Amino acid sequence: MRQLAAARHPDLLVGIGGADDAGVYRITPDLALVQTVDFFTPIVDEAYDWGRVAAANALSDVYAMGGTPLTALQLAAWPRKGLPLDLLSEVFAGGAAVLESAGCVIVGGHSIDDNEPKYGMAVTGTVHPDEIVTNAGAKPGDRLFLTKPLGTGIISTAIKRGTATPSQRDTAVETMATLNAAAAAAMTRVGVTAATDVTGFGLLWHLHEMLVGAAVSAAIDADAVPLLDGVLALIESGTVPGGTERNLAAASGFTDLAGVDRSRQIALADAQTSGGLLMTVPPALAPALEAALAAEGVSTIAQIGEIVPRSTADGPQSRIHVR
């Protein structure tokens, strides 16, 4: 993408020039479209649950922008000679169930014959042009909030290896299939300065994208970052996805991790699927955001750190200081 010139148009409010979760295009002074697409290979054995997780994951980018999802196009790649189509119907059913709970309508889609199954959605939503939440508005002093525990990448790998407990499997699936709609409703009501969802690049990388866009740094408390039960033990047993390892290697260039044990470092970089919202809010509004999240029924409300100015030691680069 670096070789492509960023598209320019007076009504293109959010495009590929930054690192935001979705594109935003203004239709009228009071209405803009939010557009995103996401799909991936199976991360659990059960077809229905894979559909649920894929749908929640695709919808998440609209919520992260402060938008409301309206329609979805399904995308499917399926080995028709290797797997029964009835199994694909179960994937579709899981996706449709989550879309229905979000008030989002399936309007069509496209499928191809492929050796490896893949499933996801292109989602269109709406937002008022003045109420877009980008990932680049954080200010020094803002508090950082996270609304889902980390560790779905670790547990998904354990599921594939047959080492996850039934409880770990069920909790991870329900976490990934939970919509970020409630968290988004709270953040738009209170008024956050920036937001993103934590997905494949892990917490550290997605936070760094926020910092670069705002030309700031951050300090986070490693112990305050919520983790799914058993994640650290799985890491210590050697259950680490390759993507998570790559995330940590990349994050080491902009993250100070001295004093943080290796297992927790890996957890902070774990590649998430359908992760929670990462939000920044002025300190005076932090209690209001906590209250709003609780009122919306969000089960994980973690204040994990704060935004700080770039220091002389940081130089021209935004850094994450983990304590």
Side-chain angles (χ1 to χ4, degrees), residues 1 7 11-16 18-28 31-43 47-78 88 91-112 117-129 131-135 147-148 152 173 175-188 195-201 206 209 272-279:
M1 295 290 286
D11 290 316
L12 180 62
L13 305 182
V14 180
I16 65 172
D20 261 301
D21 298 293
V24 183
Y25 189 92
R26 181 171 49 211
I27 301 298
T28 72
L31 181 68
L33 292 181
V34 184
Q35 294 180 287
T36 185
V37 60
D38 212 320
F39 62 96
F40 47 76
T41 56
I43 58 169
Y48 185 84
D49 283 338
W50 176 30
R52 293 170 63 213
V53 172
N57 185 70
L59 292 166
S60 184
D61 285 339
V62 175
Y63 292 129
M65 302 296 294
T68 300
L70 295 181
T71 63
L73 295 164
Q74 295 189 112
L75 304 170
W78 198 257
L88 179 57
V91 178
F92 287 165
V98 168
L99 287 175
E100 182 178 3
S101 70
C104 187
V105 181
I106 296 175
V107 295
H110 186 69
S111 62
I112 63 169
K118 304 173 185 70
Y119 177 65
M121 297 175 182
V123 180
T124 298
T126 58
V127 68
H128 191 289
E131 297 174 358
I132 300 167
V133 181
T134 73
N135 68 354
T147 64
K148 284 187 183 181
T152 58
V173 168
T175 296
M176 292 186 287
T178 297
L179 292 171
N180 280 325
M187 80 173 189
T188 53
T196 190
D197 62 339
V198 179
T199 50
F201 291 126
H206 287 292
E209 288 180 330
Q272 302 301 281
T273 298
S274 190
L277 295 187
L278 179 64
M279 301 172 285

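Just so it is clear, the model here is predicted, and its values are computed rather than measured.
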Which distance, rounded to the nearest 0.5 Å, do you find between the [atom1] of [X] and the [atom2] of [Y]?
X	Y	atom1	atom2	result
T126	M65	OG1	CE	13.0 Å
L278	K148	CG	NZ	13.5 Å
I106	L99	CD1	CG	5.0 Å
L13	D11	CG	CG	7.0 Å

Heavy atoms, side chains only, cut-off 4.5 Å: are [X] and [Y] in contact?
X	Y	value
L73	V107	yes
T188	E131	no
I43	M176	yes
T147	M279	yes

Assess the side chains of S60 and N180: does a donor N or O sit below 3.5 Å from an acceptor N or O?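 The answer is yes; a qualifying pair exists.
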Which atom names give the shortest non-hydrogen contact between [X] and [Y], and what distance separates them?
X	Y	answer
R52	A177	NH2-CB, 3.5 Å
G67	V127	CA-CB, 4.0 Å
T273	F40	CG2-CZ, 3.7 Å
P69	V62	N-CG1, 3.7 Å
C104	V123	SG-CG1, 4.4 Å
Y63	A184	O-CB, 3.6 Å

Evaluate the criterion side-chain contact (heavy atoms from CB on, under 4.5 Å) for residue pair V53 and V98; output intermediate values, then yes/no. CA-CA 8 Å; V53 172; V98 168; over 6 Å; no
Got more than 12 heavy atoms from elsewhere within 6.0 Å of CZ, F201?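 Atom CZ in F201 is not crowded, with 12 or fewer foreign heavy atoms closer than 6.0 Å.
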More than 12 heavy atoms of other residues, nucleotides or ligands under 6.0 Å from CZ of F39: is that the case?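 Result for CZ/F39: open.
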Verdict with supporting geometry, H110 and I112, side-chain contact (heavy atoms from CB on, under 4.5 Å): CA-CA 7 Å; H110 186 69; I112 63 169; 3.7 Å; yes
Tell me which one of T175, D197, N57, T152 satisfies side chain to side chain donor-acceptor pair (under 3.5 Å) with Q272.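 Between Q272 and the candidates, side chain to side chain donor-acceptor pair (under 3.5 Å) is satisfied uniquely by T152.
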Given T196, which partner from the list N135, D21, D20 fulfils the side chain to side chain donor-acceptor pair (under 3.5 Å) test?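 With T196 as partner, N135, D21, D20 yield a single side chain to side chain donor-acceptor pair (under 3.5 Å), made by D21.
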Can T199 and H206 be said to form a side-chain contact (heavy atoms from CB on, under 4.5 Å), step by step? CA-CA 8 Å; T199 50; H206 287 292; 3.2 Å; yes
Could you go step by step and tell me if Y119 and W78 meet the side-chain contact (heavy atoms from CB on, under 4.5 Å) rule? CA-CA 9 Å; Y119 177 65; W78 198 257; over 6 Å; no
